[in-house]
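Following: one structure in structure tokens, then a few remarks.
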Amino acid sequence: MSTATASPAATPETIESFTVTLMIRRFIPEIDTEPRWQDFDVELYATDRVLDALHKIKWEQDGSLSFRRSCAHGVCGSDAMRINGRNRLACKTLIKDLDITKPVYVEAIKGLPLEKDLIVDMEPFFESYREVQPFLIAGSKPKDGKERIQSVAERERFDDTTKCILCAACTSSCPVFWTDGQYFGPAAIVNAHRFIFDSRDDAGGVRLDILNDKEGVWRCRTTFNCSEACPRGIQVTQAIAEVKQAIMRGKA
Ligand code: SF4
Ligand code: F3S
Ligand code: FES
């Protein structure tokens, strides 16, 4: 018979909750001419995420608060927002990792047209994404007529950039994109990289031509904001540098 004494199970009564103030930059086009800050006090646990706080506000205090979310687990990329001035996913940002002695500031990502509250128009972002042809273009026939064989090393070449979830945290943190919405932006370049360096793809040169443009990779000033913002840990600036080098070498 075991003599070990289990610690008392945590119950809602034993887990401490606290009040956190969220300052949310609101914009309701029907009533606001300019965005405005609104504060909300929310009862939260340390293990709650910012997304939980937004849900509590929406469900218990103000149903008009608008934001995008879907998976709630860092997969769909729909809830990128600026939290205390940094681009993050609300569903991956734990309350315990923020300084809650001060208000937590939450606002929409920058550089894209603001539609409502935390929602921006993502169309300019996806337009650049579509322009780099982010899909496999395999023109030639497989050598054995059946399969396009790829070695582990060849797959490794573009592994990092396969992780993109198209959240726009990188592009909307880039100062070049803020000042000039024409720049393709880091996310489009990351997704071009994913196919340019895929040994099965035959259209790397086409994508390099597209990015060797005045609004392409040469606009990047290597400020690293994109790499710091990426919730998937993709080495975005490194990927951009590799695309630049491929253009200079004249091939992928
Ligand atoms: Fe988001 Fe990272 Fe993809 Fe940029 S590269 S869109 S930050 S996942
Ligand atoms: Fe912008 Fe990233 Fe380059 S933040 S300037 S794309 S390194
Ligand atoms: Fe899907 Fe956050 S809700 S990534």
Side-chain angles (χ1 to χ4, degrees), residues 48-56 58 65-83 85-95 97 106 108-112 117-132 134 158-197 211-245 247:
D48 280 332
R49 293 100 29 103
V50 169
L51 182 62
D52 298 312
L54 295 174
H55 277 147
K56 284 198 90 171
K58 185 169 181 70
L65 180 65
S66 299
F67 49 95
R68 290 197 181 100
R69 80 289 192 203
S70 182
C71 70
H73 291 285
V75 178
C76 73
S78 58
D79 63 339
M81 51 190 76
R82 274 170 79 82
I83 299 170
R86 253 189 70 190
N87 280 8
R88 304 162 182 246
L89 296 179
C91 66
K92 296 288 283 179
T93 306
L94 289 167
I95 293 297
D97 293 335
V106 183
I109 51 177
K110 290 171 74 172
L112 291 162
D117 291 342
L118 304 175
I119 296 176
V120 295
D121 177 5
M122 294 285 283
E123 187 46 33
F125 172 82
F126 284 116
E127 199 181 314
S128 294
Y129 169 68
R130 286 191 296 266
E131 270 190 63
V132 301
F158 61 96
D159 187 63
D160 199 32
T161 46
T162 63
K163 297 175 194 155
C164 178
I165 55 172
L166 294 173
C167 67
C170 56
T171 296
S172 63
S173 71
C174 173
V176 178
F177 187 77
W178 295 338
T179 55
D180 175 2
Q182 301 304 305
Y183 172 41
F184 274 87
I189 301 169
V190 158
N191 283 278
H193 178 287
R194 183 256 170 269
F195 291 100
I196 289 167
F197 295 98
L211 291 172
N212 187 18
D213 178 269
K214 67 178 170 43
E215 303 302 346
V217 287
W218 308 112
R219 297 298 312 274
C220 170
R221 293 289 172 264
T222 325
T223 55
F224 281 92
N225 288 19
C226 50
S227 297
E228 281 162 25
C230 181
R232 303 286 293 169
I234 297 171
Q235 298 302 309
V236 181
T237 312
Q238 172 69 26
I240 295 170
E242 289 175 6
V243 172
K244 285 178 178 172
Q245 285 158 10
I247 290 173

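Just so you know, ligand 1 is whichever comes first in the structure, and atom 1 is the first atom listed for that ligand.
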What's the spacing between [X] [atom1] and [Y] [atom2] if we round to 0.5 Å?
X     : Y      : atom1 : atom2 : answer
Arg82 : Leu118 : CZ    : CG    : 12.5 Å
Ile83 : Leu89  : CD1   : CG    : 8.0 Å
His55 : Leu65  : NE2   : CG    : 9.5 Å

At a non-hydrogen distance cut-off of under 4.0 Å, which region of Leu166 contacts ligand 1 (side chain, backbone, both, or neither)?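 It is the backbone that gets close, since no side chain atom is under 4.0 Å.
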I need the atoms of ligand 1 closer than 4.0 Å to a non-hydrogen atom of [X], numbered in the order shown.
X      : result
Pro231 : 7 (S)
Ile165 : 3 (Fe), 8 (S)
Arg232 : 8 (S)

Atoms in ligand 3 with a heavy atom of [X] nearer than 4.0 Å:
X     : answer
Ser70 : 3 (S)
Gly74 : 4 (S)
Val75 : 4 (S)
Cys71 : 1 (Fe), 3 (S), 4 (S)
Cys91 : 2 (Fe), 3 (S), 4 (S)

Regarding Cys167, does it place an N, O or S atom less than 2.8 Å from atom 3 (Fe) of ligand 1? no
Proximity of Ile165 to ligand 3 by residue part, where a heavy atom lies under 4.0 Å: neither
Applying a heavy-atom cut-off of 4.0 Å, say which part of Cys76 lies close to ligand 3: side chain, backbone, both or neither. both
Could you check whether any side-chain N or O of Thr171 sits under 3.5 Å from a backbone N or O of Ala168, counting only pairs where one atom can act as donor and the other as acceptor? no
Among Val50, Leu51, Thr93, Asp79, closest by heavy atom to atom 2 (Fe) of ligand 3 is Asp79
For atom 5 (S) of ligand 1, which of the options Cys170, Gly77, Gly233, Ala80 provides the nearest non-hydrogen atom?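 Of the listed residues, Cys170 has the closest heavy atom.
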Student check: side-chain heavy atoms of [X] and [Y] closer than 4.5 Å:
X      : Y      : answer
Leu166 : Asn191 : yes
Ile247 : Trp218 : yes
Thr93  : Arg49  : no
Asp79  : Leu54  : no
Asn87  : Ser172 : yes
Val236 : Phe224 : no
Thr222 : Lys244 : yes
Lys163 : Cys230 : no

Report the C-alpha distance between Val176 and Cys220 in whole Å, list the side-chain angles of each, state the deciding distance to 0.1 Å, and finish with yes or no for side-chain contact (heavy atoms from CB on, under 4.5 Å). CA-CA 7 Å; Val176 178; Cys220 170; over 6 Å; no
Using 30° and 60° as the class limits, which term best fits the ring planes of Tyr129 and Phe126: parallel, tilted or perpendicular? perpendicular
Quick check: does His73 put an N/O/S atom under 2.8 Å from atom 2 (Fe) of ligand 3? no
Decide whether the shortest distance between a heavy atom of Ala168 and an atom of ligand 1 is less than 4.0 Å.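 Distance cut 4.0 Å: Ala168 passes for ligand 1.
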Are Ser173 and ligand 1 in contact, using a heavy-atom cut-off of under 4.0 Å? no
In ligand 2, the atoms that come under 4.0 Å of a heavy atom of Tyr183 are 6 (S)
Nearest protein heavy atom to [atom], by residue and atom, and its distance?
atom                    : value
atom 4 (S) of ligand 3  : Gly77 N, 3.2 Å
atom 2 (Fe) of ligand 1 : Cys230 SG, 2.3 Å
atom 3 (Fe) of ligand 1 : Cys164 SG, 2.3 Å
atom 3 (S) of ligand 3  : Ala72 N, 3.1 Å

Counting only heavy atoms from other residues, nucleotides and ligands, does the tally under 6.0 Å from NZ of Lys58 exceed 12? yes
Output, in order, the C-alpha distance, side-chain angles, deciding distance and verdict of side-chain contact (heavy atoms from CB on, under 4.5 Å) for Leu94 and Asp48. CA-CA 6 Å; Leu94 289 167; Asp48 280 332; over 6 Å; no
Among the protein atoms near atom 2 (Fe) of ligand 2, how many are N, O or S and lie under 2.8 Å away?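 Those protein atoms number 1 in total.
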Scan Phe177, Tyr183, Phe184 and name whichever one has a side-chain contact (heavy atoms from CB on, under 4.5 Å) with Arg219.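 Among the candidates, only Tyr183 passes.
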